[in-house]
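See structure below.
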Amino acid sequence: MTNQTLSTWDARADELQIDGRAFIGGSRRDAASGAKRETSSPIDGRPLAVLSACGVEDVDAAVSLARRAFTPWSRTSAESRKGVLLAWAALMETHAEELALLECLDSGKPILQTTTVDVPGTISTLRWYAEAIDKISGEMPAVPSGATAMVTREALGVVAAIVPWNFPLEIAMWKIAPALASGNTMVLKPAEQTSLSILRAAELAAEAGMPEGVLNIITGSGREVGAALAHHMDVDALAFTGSTAVSRTLLEASGQSNLKRLSLEAGGKSSNLVFADTSDLALAAEKAAFGAFYNQGQVCSSNSRILVQRSVHDEFLGLLREAAAAYAPADPLAGLEGNGSLISVGHTNDVEEWIHRGRTEGSVLFGGERLDIRGSDAYLEPTVLGGLAAGHDVHREEIFGPVAVLQPFDTEEEAVAMANDTDYGLAASLWTSDLSRAHRVASELVAGTVSVNTVDALGNSTPFGGFKQSGFGRDLSLQAFDNYTASKTTWIQFG
């Protein structure tokens, strides 16, 4: 991306003509009721689009079209499905800057981040699963003489997905790519705040040759669209990323409807353990700042609990303060390093209240100020709280903002106990130069991903998901296919 490109993002944003209608059966549609909802950018409050405010009738239509498309799509050869998905990825790459600008405006993310991380990561995931399609094979288990058996993976049918606003395009693709690759069709509900990039991407899928009804995007509220999908008797599976509270309602809905299969990536309150024997404390602080403040701290696996061995606590705090400067808020459209806005002024109010509690019940070690950029005050400095009792809510509740809590420990056993003292189990990080300690502590931490001498490690080839109240099922890697397929045994007896 050139400096010239960076300098024109504002002008390009002003020229955008954004279609906010739902994508059902291969084309854009208004809600059946005609209901609409205006959406605006948290960056500066500018109006962005008029979204279709879909309801139950639209969900029924999309599910029906997805059901009709399922048999031909699932019976299409793996090579043909692969070709469609790769063509889609190529078109997304051609339109990468448009998608990145939509993502920036809709979510408040910096354009530097959406152009270099979010959109390229989305395309990479789509290509990875497209290439995996024809690499998945069945089994020929041992059976008694006179018989043979085959175990195949079968697509489930119509898959629903409900995705959050913090990584609108990437997390959507974590669901879409393995579901469609394995032969399912999909109805996806994006977050109300961030629907625009995936709507445009769905149009590109149709242009790439995706058959009508295979991918449908339903815009609307969780109370109406999300609930309708969760209770729908013709939805075979539902994939969700979001809060633990909503995950509970989805479990109830599955039981009350057709026992649809669920994969739930729920909340997190991840810890980052820094031992005194860490060889590069400055690097640990730099990565800790990334783990706590990247994407404005709006990350489910954010390492927002930083546990530091007491002998290096003060030194580490100074290094962390320096490292946090890289995440100071900046104009998201200026192409600069730093954080963008939070998702909304309302959410910023909620996060600021947590900072106020930290200040009155403990202390603000640095940061904590709210900033006005481009006429919006949805911007917060990276903030570290300290002096809070171990049982304080700040240690336990998901704040979902650029707020971390620093806490000292003395022994390895104490650090592990503190790290595991949470209802969640999504991720954890640890820093040490002792290989034995690395193995020992990693095995004792209750988390779906443990990153050693780095933070929040993630890749297409490794599964991502949690333990405890962080949910179940895995995104990414070949294990994601388990969310969208079932094993089928065919036993043939001879004579």
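Note that the coordinates shown come from a computational prediction; the quantities given were computed from them, not determined experimentally. Numbers here are sequence positions counted from 1.
- A donor and an acceptor atom, one from each side chain of Glu103 and Ser197, are located under 3.5 Å apart.
- Looking at heavy atoms from C-beta onward, Leu307 lies out of side-chain contact with Val274 at the 4.5 angstrom threshold.
- Of the possible polar contacts, none joining the Asn339 side chain to the Ala330 backbone as a donor-acceptor pair under 3.5 Å is found.
- Residues Gln113 and Asn295 have side chains in contact (heavy-atom distance under 4.5 Å, counting atoms from C-beta outward).
- Residues Tyr424 and Phe467 keep their aromatic ring centres 6.0 Å or farther apart.
- Counting heavy-atom neighbours within 6.0 Å of Glu337 CD, excluding the residue itself, gives a total of 12 or less.
- In this structure a side-chain-to-backbone donor-acceptor pair under 3.5 Å is present from Asn483 to Arg474.
- Nearest heavy-atom pair across Ile218 and Val59 is CG2-CG2, 4.3 Å.
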Checklist entry - Step by step, would you call Leu385 with Val403 a side-chain contact (heavy atoms from CB on, under 4.5 Å)? => result CA-CA 7 Å; Leu385 307 176; Val403 180; 3.8 Å; yes
Checklist entry - Where do Thr125 and Asn460 land on the side-chain hydrogen bond (donor to acceptor under 3.5 Å, both in side chains) test, with the steps shown first? => result CA-CA 6 Å; Thr125 297; Asn460 287 327; 2.8 Å; yes
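- At least one donor-acceptor pair under 3.5 Å links the side chain of Thr114 to the backbone N or O of Ile111.
- Phe167 carries Lys109 over the face of its six-membered ring, with the cationic atom under 6.0 Å from the centre and within 45° of the normal.
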Next on the checklist: Checking Arg437 against Glu412 for the salt bridge (charged side-chain N to carboxylate O under 4.0 Å, His left out) test, could you report, in this order, the C-alpha distance in whole Å, the side-chain angles of both residues, the deciding distance, and whether it holds?
Outcome noted: CA-CA 9 Å; Arg437 169 175 279 161; Glu412 178 181 309; 2.9 Å; yes
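- Of the possible polar contacts, one joining the Asp236 side chain to the Val158 backbone as a donor-acceptor pair under 3.5 Å is found.
- Nearest heavy atom pair, residue Asn166 against residue Val299, reads ND2-CA, 3.9 Å.
- The closest donor-acceptor contact from the side chain of Ser344 to the backbone of His347 lies under 3.5 Å.
- Residues Asn420 and Ser271 form no side-chain contact, since every pair of their non-hydrogen atoms from C-beta on lies 4.5 Å or further apart.
- Crowding of Glu38 atom CD: a count of heavy atoms from other residues, nucleotides or ligands under 6.0 Å not exceeding 12.
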Next on the checklist: Using salt bridge (charged side-chain N to carboxylate O under 4.0 Å, His left out), reason through Lys269 and Asp423 one step at a time and then give a plain yes or no.
Outcome noted: CA-CA 8 Å; Lys269 191 69 178 178; Asp423 292 332; over 6 Å; no
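- Relative ring orientation between Phe293 and Tyr327 is described as tilted, the plane-to-plane angle lying within the 30° to 60° band.
- A side-chain donor-acceptor contact under 3.5 Å links Ser470 to the backbone of Gly267.
- Checked against the 6.0 Å centroid threshold, Phe464 and Trp174 count as a close aromatic pair.
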Next on the checklist: Let's go through Asp60 and Asp234 carefully: what are the C-alpha distance in whole Å and the side-chain angles of both, what is the deciding distance for side-chain contact (heavy atoms from CB on, under 4.5 Å) to 0.1 Å, and is it a yes or a no?
Outcome noted: CA-CA 9 Å; Asp60 287 342; Asp234 206 26; over 6 Å; no
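- Surrounding CD of Glu57 are at most 12 heavy atoms belonging to other residues, nucleotides or ligands under 6.0 Å away.
- In plain terms, the two heavy atoms of Ala161 and Met186 that are nearest each other are CB-CE, 4.0 Å.
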Checklist entry - Does the pair Arg200 and Asp19 meet the rule for a salt bridge (charged side-chain N to carboxylate O under 4.0 Å, His left out), with working shown? => result CA-CA 8 Å; Arg200 181 69 181 111; Asp19 189 345; over 6 Å; no
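- Using a 30° and 60° split on the angle between ring planes, His395 and His392 fall in the perpendicular class, above 60°.
- No close placement of the Phe400 and Trp354 rings is indicated, their centers lying 6.0 Å or farther apart.
- Between Met173 and Met92 there is a side-chain heavy-atom pair separated by less than 4.5 Å.
- Nearest approach of Pro332 to Tyr379, heavy atoms of both residues: CD-OH, 3.5 Å.
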Checklist entry - How far apart are the C-alpha atoms of Leu380 and Val351, what are their side-chain angles, what is the distance that settles it, and do they pass the side-chain contact (heavy atoms from CB on, under 4.5 Å) test? => result CA-CA 9 Å; Leu380 280 172; Val351 176; 3.5 Å; yes
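- Put simply, the side chain of Ile176 reaches to within 4.5 Å of the side chain of Ile198, judged on heavy atoms.
- Contact annotation: the side chain of Asp421 approaches that of Arg396 to within less than 4.5 Å [non-hydrogen atoms, C-beta and beyond].
- A donor-acceptor pair under 3.5 Å links the side-chain atoms of Thr485 to the main chain of Phe481, judged by distance alone.
- Contact of the Arg12 side chain with the Glu98 side chain is not registered, since no non-hydrogen atoms from C-beta on lie closer than 4.5 Å.
- Note that Arg310 lies outside the cation-pi zone of Phe275, set by a 6.0 Å cut-off to the ring centre and a 45° limit from the axis.
- The heavy-atom pair separating Ser182 from Pro178 by the smallest distance is OG-O, 2.7 Å.
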Next on the checklist: Assess the residue pair Arg374 and Asp10 against the criterion (salt bridge (charged side-chain N to carboxylate O under 4.0 Å, His left out)); give the C-alpha distance rounded to whole Å, side-chain angles, the decisive distance to 0.1 Å, and a yes or no.
Outcome noted: CA-CA 12 Å; Arg374 298 179 68 103; Asp10 249 320; 2.8 Å; yes
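- With Asn184 contributing its side chain and Gly157 its backbone, the two residues share a donor-acceptor pair below 3.5 Å.
- Between Ala202 and Ile217 the shortest heavy-atom distance is CB-CG1, 3.7 Å.
- When Ile18, Leu51, Thr219 are each tested for a side chain to side chain contact (heavy atoms under 4.5 Å, CB included) with Thr39, only one passes: Leu51.
- Taking the side chain as every heavy atom from C-beta outward, Glu192 and Arg37 approach each other to under 4.5 Å.
- A donor-acceptor distance shorter than 3.5 angstrom exists from the side chain of Ser376 to the backbone of Pro42, with no hydrogens or angles considered.
- Judged by distance alone, with hydrogens and angles left aside, the side-chain atoms of Thr383 form no donor-acceptor pair with the main-chain N or O of Gly367 at under 3.5 Å.
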